Amino acid sequence: MNTQTISIGVFIDGGYYAKLNDDLNTRLSKRLNIKSLLNYIREIVATDCDNDIRYCQITESHYYRGRYRASVARDKNMLYGERSFEDVLIDNDIMCHYKHLREDGNGQVVEKGIDVWFALEAYEYAMVRKFDYVVLITGDADHEMLVRKLKALDTKVILLSGDFGRSSMISYLLREEANIYLNLSNEFKENPELVDVLCLSKPKIKEE
């Protein structure tokens, strides 16, 4: 077994993470426990590189999401839920990155630039920090090129998805491009005990 220190960068697409949790809640009445999920990621990396988990460290983790301005979130009764979930992110040393949402004349939510921002910063951080592994929690087909670019940096890419319903489904091309594809739906089927390890039984916080 190796004892080399392995650095891991985690990048969370907040919109996809919320959809994943919504689908998981619909199917199993549960939601992911972020702290447990991060530890599980370390276990996956340790197994892949035949290393002790003590030497596999998440050196940075980032969360990207669009959200309403405070006054709008308050009017929609979303403000407390957003802040409570942000507390969870902060408690787990996850850096939060937000862009404001707006609604068009038809009441449709407009969310622009976040996916591009996510991809640019994931690539930039990988270049500067020289992660051994980058974990992407996203399902966007547009990130296929990001995965290719990360691999060109000699960084191993783990793609984590849920696939618990239509909202959390993932692009086939994106899935094929990653070095490791981790589908939690399949993992839970193969190891039912993992559900209680990675999930909260009574969801208290909804990421809006």
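Heads up: numbering here begins at 1 and tracks the sequence. Every value quoted in this text rests on a predicted model; they were computed, and no experiment measured them. Excluded from the calculations below are hydrogen atoms, water molecules and symmetry mates; all remaining heavy atoms, backbone and side chain alike, are included.
Listed for the Asp52 side chain is no donor-acceptor partner under 3.5 Å among the backbone atoms of Tyr55. Under the 3.5 Å distance criterion, the side-chain polar atoms of Arg27 are matched with a main-chain donor or acceptor of Phe164. Not a single donor-acceptor pair under 3.5 Å links the side chain of Thr155 to the backbone N or O of Lys151. Side chain of Arg31 to backbone of Leu200: no donor-acceptor contact under 3.5 angstrom is found.
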Would you be so kind as to tabulate the donor-acceptor pairs closer than 3.5 Å made by side chains of residues 131-147, with sequence neighbours excluded?
| unit_1 | atom_1 | unit_2 | atom_2 | d |
| --- | --- | --- | --- | --- |
| Asp132 | OD2 | Ser7 | N | 2.9 |
| Asp132 | OD2 | Ser7 | OG | 3.4 |
| Tyr133 | OH | Asp48 | OD2 | 2.5 |
| Thr138 | OG1 | Asp13 | OD2 | 3.1 |
| Thr138 | OG1 | Asp140 | N | 3.4 |
| Thr138 | OG1 | His143 | ND1 | 3.3 |
| Asp140 | OD1 | Asp142 | N | 2.8 |
| His143 | NE2 | Asp115 | O | 3.3 |
| Glu144 | OE2 | Arg148 | NH2 | 2.9 |

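Residues satisfying the ring pair (Phe, Tyr, Trp, His ring centres under 6.0 Å) criterion with Tyr40, sequence neighbours excluded, are absent altogether. For Lys189, there are no side-chain hydrogen bond (donor to acceptor under 3.5 Å, both in side chains) partners two or more places apart in sequence or in a different chain. When the side-chain hydrogen bond (donor to acceptor under 3.5 Å, both in side chains) test is applied to Tyr80, no partner is found at least two apart in sequence or on another chain.
Of the candidates Phe11, Phe118, Tyr17, Phe11 is the only one forming a ring pair (Phe, Tyr, Trp, His ring centres under 6.0 Å) with His62. With Ser61 as the partner, the side-chain contact (heavy atoms from CB on, under 4.5 Å) test is satisfied by one option alone out of Asn92, Val10, Ile8: Val10.
Crowding of Asp91 atom CG: a count of heavy atoms from other residues, nucleotides or ligands under 6.0 Å exceeding 12.
Side-chain contact between Ser161 and Leu20 is absent, with no heavy-atom pair separated by less than 4.5 Å. Residues Leu159 and Leu174 are in side-chain contact: their nearest non-hydrogen atoms beyond the backbone lie under 4.5 Å apart. For the pair Leu182/Glu187, a side-chain contact is recorded, criterion being any heavy-atom separation below 4.5 Å from C-beta on. Using a 4.5 Å heavy-atom cutoff, the side chains of Asp196 and Lys30 are in contact. Counting only heavy atoms from C-beta outward, the side chains of Ile94 and Leu38 approach each other to under 4.5 Å. Between Leu198 and Asn33, every side-chain heavy-atom pair lies at or beyond the 4.5 Å cut-off.
By the 4.5 Å side-chain criterion applied to Ile, Leu, Val, Met, Phe, Trp and Tyr, Val116 is assigned to a cluster that also includes Leu120.
Here the closest non-hydrogen pair linking Gly162 and Ser185 is O-CB, 3.0 Å. Shortest non-hydrogen contact noted between Leu150 and Ala126 is CD2-CB, 3.5 Å.
Rounded to the nearest 0.5 Å, atoms OG1 (Thr26) and CG (Asp22) are 6.5 Å apart. Once rounded to the nearest 0.5 Å, the distance linking OG of Ser84 with CG of Leu89 reads 11.0 Å. The line from CG of Leu184 to CG of Leu37 is 6.5 Å long, rounded to the nearest 0.5 Å. Interatomic distance, Tyr68 OH to Lys76 NZ, rounded to the nearest 0.5 Å: 4.5 Å.
Because its NZ or CZ atom is both nearer than 6.0 Å to the ring centre of Tyr98 and within 45° of the ring axis, Arg67 counts as a cation-pi partner of that residue.
A side-chain hydrogen bond (donor to acceptor under 3.5 Å, both in side chains) check over residues 120-131, counting only residues at least two apart or in different chains, returns the pairs Glu60-Arg129, Tyr64-Glu121, Trp117-Glu121.
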